[in-house]
Amino acid sequence: MVFWIFGYGSLVWNPGFEYDDKLIGCIKDYRRVFDLACIDHRGTPENPARTCTLESLEGAVCWGAAFCVRGGPVRERLAMEYLEKRECEYDKKSLVDFYKEGDTSQPALTRVIVFTSTPDKISNKYYLGPAPLEEMARQIATAYGPCGNNRDYLFLLEKALFDIGHEEDMVIELANEVRKVLGIVGNEISKETKLAGSSHFALKSLITPLQLRPFPEAVVLDS
């Protein structure tokens, strides 16, 4: 099985697994929101971080990167096992169309895997839900976990979207509000920011990763 996975958060700048191809592009009818708790990576159970998930919204566009893994069942299984553990706050996987940069009229790929979360605090204990900008900024400015602080997650996402040429107003606004909380002037990215490699990824001790399930192979519509 060859699979493609769409990254819209930390996967954009730090995939952490071996991949064969990478495409910059977008998915439609989803928007990026900071409504998901992280308690083992950029936060703790006592002070959870806010990280990205996707919210369904007709007409919305979410830019990021799609990664392809091929090379046999062992390599593909290892990549998916890593992703299942890393993305274990996300209780849902969906298959979406992916539109390549330069041609957003027709999908370049179908059946691309994306990790999302159920927007229900009862069925998904990691779902925080929306909050006022100032409240989210205070939480992001102070949360810290085994792999670094929450603010650098946000600043790295801001920089990654800038690097691929698709800055996002919401991300910029939230990042600037965090800088205001921290007393940081301008758009300086924290100099102490370090990418969290796979060797630094801490797994939840009490969370069972999503069970591996076969997905139909992604279909390349435009090579």
Side-chain angles (χ1 to χ4, degrees), residues 5-16 22-38 41-43 47-67 86-87 89-90 94 96 98-101 104 112 114-117 119 126-145 147-196:
I5 181 144
F6 180 70
Y8 56 90
S10 61
L11 290 179
V12 179
W13 74 82
N14 181 33
K22 175 182 177 181
L23 294 175
I24 302 302
C26 66
I27 61 174
K28 297 183 178 181
D29 297 327
Y30 287 96
R31 71 173 180 176
R32 192 173 2 239
V33 292
F34 280 79
D35 291 353
L36 194 69
C38 177
H41 191 188
R42 299 278 180 171
N47 190 18
R50 273 190 178 265
T51 52
C52 289
T53 185
L54 292 178
E55 178 180 83
S56 297
L57 180 65
E58 187 176 355
V61 174
C62 180
W63 287 89
F67 301 89
R86 173 168 168 167
E87 307 294 282
E89 289 101 346
Y90 300 86
S94 301
V96 297
F98 175 83
Y99 298 81
K100 192 166 59 175
E101 187 174 39
T104 58
V112 174
V114 62
F115 286 84
T116 61
S117 56
Y126 298 111
Y127 181 71
L128 296 172
L133 182 69
E134 296 80 5
E135 181 181 325
M136 289 197 294
R138 286 194 297 271
Q139 185 174 356
I140 291 171
T142 57
Y144 185 90
C147 294
N149 56 57
N150 196 181
R151 63 181 181 269
D152 282 347
Y153 171 95
L154 172 59
F155 295 156
L156 283 166
L157 176 61
E158 180 189 36
K159 182 178 184 301
L161 294 176
F162 173 82
D163 289 343
I164 67 173
H166 292 284
E167 295 177 276
E168 190 169 295
D169 290 344
M170 181 276 291
V171 173
I172 294 172
E173 184 180 14
L174 182 56
N176 284 335
E177 189 66 27
V178 170
R179 292 186 183 97
K180 188 185 299 183
V181 173
L182 296 170
I184 297 175
V185 179
N187 294 322
E188 180 181 358
I189 301 297
S190 173
K191 294 180 180 179
E192 63 182 2
T193 297
K194 294 181 180 179
L195 295 181

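Contact record, V12 with A160: CG1-CB, 3.9 Å, taken as the closest heavy-atom pair. In terms of heavy-atom proximity, I164 sits nearest to G64 at CD1-O, 4.0 Å. Across all their heavy atoms, T53 and S117 have their closest contact at OG1-OG, 2.7 Å. A137 approaches V181 most closely through the heavy-atom pair CB-CG2, 4.1 Å. Among all heavy-atom pairs drawn from A37 and P48, the shortest one is CB-CB, 4.1 Å. Residues Y90 and T116 approach most closely at CB-O, 3.2 Å, considering heavy atoms.
Atom CD1 of I172 is separated from atom CG of L161 by 8.5 Å, given to the nearest 0.5 angstrom. Here the CG atom belonging to D163 is positioned 10.0 Å from the CG atom belonging to L156, to the nearest 0.5 angstrom. How far CZ of R32 is from CH2 of W63: 11.0 Å, rounded to the nearest 0.5 Å. Rounded to the nearest 0.5 Å, atoms CZ (F155) and CG (L182) are 5.5 Å apart. From Q139, atom CD reaches atom CG of L128 across 6.0 Å, with rounding to the nearest 0.5 Å. Of the inter-residue distances, the one linking C147 atom SG with R42 atom CZ reads 7.0 Å to the nearest 0.5 angstrom.
A cation-pi contact, defined as under 6.0 Å to the ring centre and within 45° of the axis, is absent between R50 and Y153.
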Legend entry - Residue pair I140, L174: steps toward the side-chain contact (heavy atoms from CB on, under 4.5 Å) verdict: CA-CA 9 Å; I140 291 171; L174 182 56; 3.7 Å; yes

Inset, instruction - Go through F6 and L11 one step at a time and tell me if the side-chain contact (heavy atoms from CB on, under 4.5 Å) criterion holds. - result: CA-CA 8 Å; F6 180 70; L11 290 179; over 6 Å; no

Legend entry - Candidate pair S10 and R86, rule side-chain hydrogen bond (donor to acceptor under 3.5 Å, both in side chains), full reasoning: CA-CA 10 Å; S10 61; R86 173 168 168 167; 2.8 Å; yes

Legend entry - Worked check of side-chain contact (heavy atoms from CB on, under 4.5 Å) between T142 and N47: CA-CA 8 Å; T142 57; N47 190 18; 4.1 Å; yes

Legend entry - Full working for side-chain contact (heavy atoms from CB on, under 4.5 Å) between L57 and Y30: CA-CA 5 Å; L57 180 65; Y30 287 96; over 6 Å; no

Legend entry - Chi angles and distances behind the salt bridge (charged side-chain N to carboxylate O under 4.0 Å, His left out) call for R179, E158: CA-CA 12 Å; R179 292 186 183 97; E158 180 189 36; 2.5 Å; yes

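Contact check for L157 versus C52: side-chain heavy atoms found under the 4.5 Å cut-off. By the 4.5 Å heavy-atom criterion applied to side chains, I5 and V112 are not counted as neighbours. Using a 4.5 Å heavy-atom cutoff, the side chains of R31 and L54 are not in contact. With contacts defined as side-chain heavy-atom distances shorter than 4.5 Å, the pair C38/E89 qualifies.
Proximity of a side-chain donor or acceptor of N149 to a complementary backbone N or O of Y144 within less than 3.5 Å is not detected. Of the possible polar contacts, one joining the T51 side chain to the L36 backbone as a donor-acceptor pair under 3.5 Å is found. Between the K28 side chain and the T104 main chain, a donor and an acceptor come within less than 3.5 Å of each other. Looking only at distances, a side-chain donor or acceptor of Y8 sits under 3.5 Å from a matching main-chain atom of F115.
Side-chain contact check for H166 and E101: at least one donor-acceptor pair (N or O, by modelled atom type) lies under 3.5 Å.
Using a 4.0 Å cut-off between charged side-chain N and carboxylate O, E177 and K180 make a salt bridge.
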